[in-house]
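Remarks on the structure that follows.
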Amino acid sequence: MEPETPPTASMGVTAALRQAAAPASPPEVPAIRAEGLVKTFPGVEAVRGLDLLVRPGEIFGLLGPNGAGKSTTVAMLCALIRPTCGGLWVAGHDVRTRPAAVRRSIGVVFQETTLDDRLTVEENLRVHAVLHGVPRRRARERVTAMLALTELADRRRSLVGTLSGGMRRRLEIVRGLLHGPRVLFLDEPTVGLDPHSRAEVWHHVHRMRRESGVTVLLTTHHLAEADHCDRLAILDRGRVVALGSPEGLRARIGRDSVRVRTDSPDRDARVLADALDVRPTVVEGQVVVQTGDGAAMLPRIVTALEGAVVSATVSQPSLDDVFAHYTGRSMRSPAAEGRTP
Ligand SMILES: Nc1ncnc2c1ncn2[C@@H]1O[C@H](COP(=O)(O)OP(=O)(O)OP(=O)(O)O)[C@@H](O)[C@H]1O
Ligand SMILES: [Mg+2]
């Protein structure tokens, strides 16, 4: 396919994104609602009674180990496979009775890449616009806006096969936004990327949400990435075992640890016990205080010890601790790659 004359940027990225977005539904309509969602394959209960409510404009994560049912859930949300039973609505449309309306309201980036390596960056975007019936003029504006959004404008004529892994993923994500969907599904958006490219992809996901107001539902089994989400559902063997903000999930299961290094840890532990009504312990030569809010406790400790603190760290329980709390297993352990028992 020959690229046409490069379109001129006749409107800003934000304006183009807003203009192309489908008319907003009343704010009370959830972006995604699932009630008792079940998907059974022969011999496998992949999703076993999932309840979800995702608000418009949220970045919502499904976190879980291999085989937890994340991709199966996304496939049902995209109306690609039918639920075995349960209710499912996307952008206010019932997925079972109005799959075409659902497909018009969503963008999807699958776990496996679907870019065409033999086409240029711009051609990949144009093919997508044609497939989604975006009118020609609007398609031009949208392609320009998407190229600017993903900072790939100078690579518009490069074959996709020549892009780095991070650039390809960014392109694929903005392509999912090209037709102005209300909800964007990203299945493992950063799998296989190095830490720098992962950070770039996240930067773009946040920017897209900010500028277009799109709701993003993504799946990941990277614990560190889950922190980018506004809220998370932790999935295990087809069920939601915990739901909340990353901070809320951590706070629910544990307390922060404040560790301070001083020259006389035993004496300083006693000072803190008297001054702050806490119960410090001394671990490996450091004074350790368990508390609900480590960031608030740290300055109080530093003040109470009157300059004796040499160094300090505050650590929260990890999301792996949260997963282990609810399942009795670590997400990192092979045993967590659960198949339905
Ligand atoms: N088409 C299918 N036919 C039979 N079983 C399937 C099918 N698709 C998925 N499954 C099974 O359903 C379960 C959930 O799979 P799914 O791909 O949804 O997991 P996932 O959470 O996306 O895992 P991963 O992190 O590895 O991508 C697995 O046991 C899988 O083998
Ligand atoms: Mg998957």
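These figures come from a predicted structure and were not determined experimentally. When a ligand or atom number is given, it counts from 1 through the structure's own listing order. Worth knowing before you read on, the calculation uses all heavy atoms, side chains too, and leaves out hydrogens, waters and symmetry mates.
For a threshold of 3.5 Å applied to N or O pairs, the pair formed by K70 and ligand 1 contains at least one separation below that value. For ligand 1, the polar-atom distance check against G69 finds a nitrogen or oxygen pair separated by under 3.5 Å.
Atoms of ligand 1 lying under 4.0 Å from at least one heavy atom of T72, given by number and element, are 9 (C), 14 (C), 15 (O), 16 (P), 18 (O). Every atom of ligand 1 with a heavy atom of H221 under 4.0 Å away is listed here by number and element: 25 (O). Ligand-side atoms of ligand 1 in range of Q111: 27 (O), range being under 4.0 angstrom from any heavy atom. Atoms of ligand 1 found under 4.0 Å from any heavy atom of E188, numbered from 1 in the order shown, are 25 (O). Taking a cut-off of under 4.0 Å to the non-hydrogen atoms of V44, the atoms of ligand 1 that pass are 11 (C), 12 (O), 29 (O).
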Exercise for the section: Verify side-chain contact (heavy atoms from CB on, under 4.5 Å) between L62 and T73, making sure each step is shown before the conclusion. Expected result: CA-CA 9 Å; L62 295 179; T73 301; 4.0 Å; yes

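Taking 4.0 Å as the cut-off, G67 counts as a neighbour of ligand 1 on heavy-atom distance.
For D274, the CG atom is densely surrounded, since the number of other residues' heavy atoms within 6.0 Å is greater than 12.
The distance from the CZ atom of F60 to the CG atom of L232 is 7.5 Å, given to the nearest 0.5 Å.
With P280 as the partner, the side-chain contact (heavy atoms from CB on, under 4.5 Å) test is satisfied by one option alone out of V278, V282, L276: V278.
At the Mg ion (ligand 2), the angle from OE1 in Q111 to OG in S71 is 80° when rounded to 10°.
T291 and D256 share no donor-acceptor pair across their side chains, judged by distance under 3.5 Å alone.
Using cut-offs of 30° and 60° on the angle between ring planes, the pair H206 and H228 is tilted.
T190 has its side chain within reach of W202: a pair of non-hydrogen atoms, C-beta onward, lies under 4.5 Å apart.
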